[in-house]
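This is a predicted model, so every value here is computed, not measured. Just so you know, residue 1 is the first one in the sequence shown, and it goes up from there. Below, each value reflects all heavy atoms present in this structure, side chains not excepted, and no hydrogens, waters or symmetry copies.
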Amino acid sequence: MIVDPGIRAPVRRIGNREIDFSRRLAVMAIVNRTPDSFYDKGATFGLDAAVASGAAAFEAGADLVDVGGVKFAPGPALPVEDEIERVVPVVRELAAVGPVSVDTFHPVVARAAIAAGAAVINDTTGVHDPAMADVVADSDATLVIAHSLAEPRTQHPLPHYDDVIGDIAAFLHDRVDLAVAHGVPPERIVIDPGHDLNKNTRHTLELTRRLGELMTFGLPVLAALSNKDFIGETLDRPREGRLSGSLAGAVFCATQGARLFRVHNVPESVDALRLVEAILGWREPAYTLHNTRPEGNE
């Protein structure tokens, strides 16, 4: 069954693009300016490599590029000045090409990124610091609010949920209400249930299975499941072997109402989601030759 997300303001202006989430499955490419990112192991840590990766993602069909200067996993704090130095130059270079998101939980980093041209702030700590909402409210940027339980960059051992999707929904309702109270309009908010963020594999499988229950928010839902551990543990695949699982998960989430997809493998993800759009009647085929001529086609 295809779930209608019922987005109350589906047409969004994000950076230099208008995206209609009633007919678009938007791809958010990942560019990590970190030396220790879980997937690419620092391949885009250098400035030139990060900019080239982002430009290539736009060329391959990505709708947005998400730039991160600090990985989510637990670890020592990075000075905000260093995080700014990592992400702001990339934002400056890419903002003229397409919408740039910045993955940060520091309001001061968000402010610097928005000043440099960032169109989205992706807070994977669920607006842990309410000042983040103030920064976004004082701009035209979109705010992504993710579900996660732990203090930023700290371990949350043996996470427990009485009801996975119910607990996630309650958290997100609270954080969305906070953001709106601080001046962020709902039409500039996206929610992310936080695949694998302070969740074990069974939790993440359940939230994926029940993702449609989050569509009552009337907000676009982002699925950030690309190459994550729940895919590896479910299929017994190493990180470099999780593409097919990532694509299957993204397509399933699309049928359940997700409208944004944060991905590492851009060309493959774009193809998978554009095909879903065509199946749903939102997109015309690139061309139609098969069985359309009198002589037939093989």
Around atom [atom1] of [X], are there more than 12 heavy atoms from other residues, nucleotides or ligands closer than 6.0 Å?
X: D174; atom1: CG; value: yes
X: D236; atom1: CG; value: no
X: R17; atom1: CZ; value: yes

Please tell me if the side chains of [X] and [Y] come closer than 4.5 Å, counting only heavy atoms from C-beta onward.
X: T104; Y: V87; answer: no
X: F217; Y: H173; answer: yes
X: L47; Y: V90; answer: yes
X: L235; Y: R242; answer: no
X: V135; Y: I121; answer: no
X: L222; Y: M28; answer: yes

Stepwise, does the side-chain contact (heavy atoms from CB on, under 4.5 Å) test hold for D162 with D167?
CA-CA 7 Å; D162 292 325; D167 290 357; 4.1 Å; yes
Nearest-0.5 Å distance, [atom1] of residue [X] to [atom2] of residue [Y]:
X: S246; Y: R237; atom1: OG; atom2: CZ; value: 12.0 Å
X: W282; Y: D20; atom1: CH2; atom2: CG; value: 9.0 Å
X: H182; Y: D134; atom1: NE2; atom2: CG; value: 5.5 Å
X: D196; Y: I231; atom1: CG; atom2: CD1; value: 8.0 Å
X: L280; Y: L275; atom1: CG; atom2: CG; value: 9.5 Å
X: E83; Y: T34; atom1: CD; atom2: OG1; value: 10.5 Å

Do any N or O atoms from the side chain of [X] and from the backbone of [Y] form a donor-acceptor pair under 3.5 angstrom?
X: S226; Y: H264; answer: yes
X: S148; Y: T124; answer: yes
X: T292; Y: L289; answer: yes
X: N122; Y: S101; answer: no
X: E268; Y: L247; answer: no
X: R283; Y: V276; answer: no
X: S269; Y: N265; answer: yes
X: R175; Y: V127; answer: yes
X: R33; Y: R86; answer: yes
X: K199; Y: L197; answer: yes

Verify side-chain contact (heavy atoms from CB on, under 4.5 Å) between F252 and L211, making sure each step is shown before the conclusion.
CA-CA 10 Å; F252 180 84; L211 188 69; 5.8 Å; no
Step-by-step side-chain contact (heavy atoms from CB on, under 4.5 Å) determination, R188 to S139:
CA-CA 10 Å; R188 288 200 280 117; S139 75; 4.3 Å; yes
When hydrophobic residues are tied together by side-chain contacts of less than 4.5 Å, even through go-betweens, does [X] share a cluster with [Y]?
X: V184; Y: I114; answer: yes
X: F261; Y: F58; answer: no
X: I165; Y: I191; answer: yes
X: L260; Y: V263; answer: no
X: V190; Y: L143; answer: no

Using every non-hydrogen atom in the two residues, find where [X] and [Y] come nearest and quote the distance to one decimal.
X: T208; Y: Q256; result: O-CG, 4.5 Å
X: I189; Y: P220; result: O-CD, 3.6 Å
X: F105; Y: M132; result: C-CE, 3.4 Å
X: A57; Y: V65; result: CB-CG2, 4.1 Å
X: N16; Y: G98; result: OD1-CA, 3.6 Å
X: T201; Y: D229; result: OG1-O, 4.2 Å

Regarding D103 and N32, do their side chains bring together a donor and an acceptor under 3.5 Å, going by distance alone?
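On atom types as modelled, these side chains do not qualify, holding no pair under 3.5 Å.
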Taking D63 as the fixed residue, which of R24, R259, R262 is the one that meets the salt bridge (Lys or Arg N to Asp or Glu O under 4.0 Å) rule?
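Looking at R24, R259, R262, the match for D63 under the salt bridge (Lys or Arg N to Asp or Glu O under 4.0 Å) is R24.
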Would you sort out whether M215 and V221 count as a side-chain contact (heavy atoms from CB on, under 4.5 Å), showing the intermediate values?
CA-CA 8 Å; M215 301 310 142; V221 172; 3.7 Å; yes
A60: what forms a side chain to side chain contact (heavy atoms under 4.5 Å, CB included) with it, not counting sequence neighbours?
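Side chain to side chain contact (heavy atoms under 4.5 Å, CB included) list for A60, sorted by chain: V266, P267.
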Once side chain to side chain contact (heavy atoms under 4.5 Å, CB included) is applied, do any residues pair with P79, and if so which ones, sequence neighbours excluded?
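Counting only residues at least two positions away or on another chain, P79 forms a side chain to side chain contact (heavy atoms under 4.5 Å, CB included) with E81, D82.
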Tell me whether the rings of H203 and Y161 are parallel (<30°), tilted (30 to 60°) or perpendicular (>60°).
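Perpendicular.
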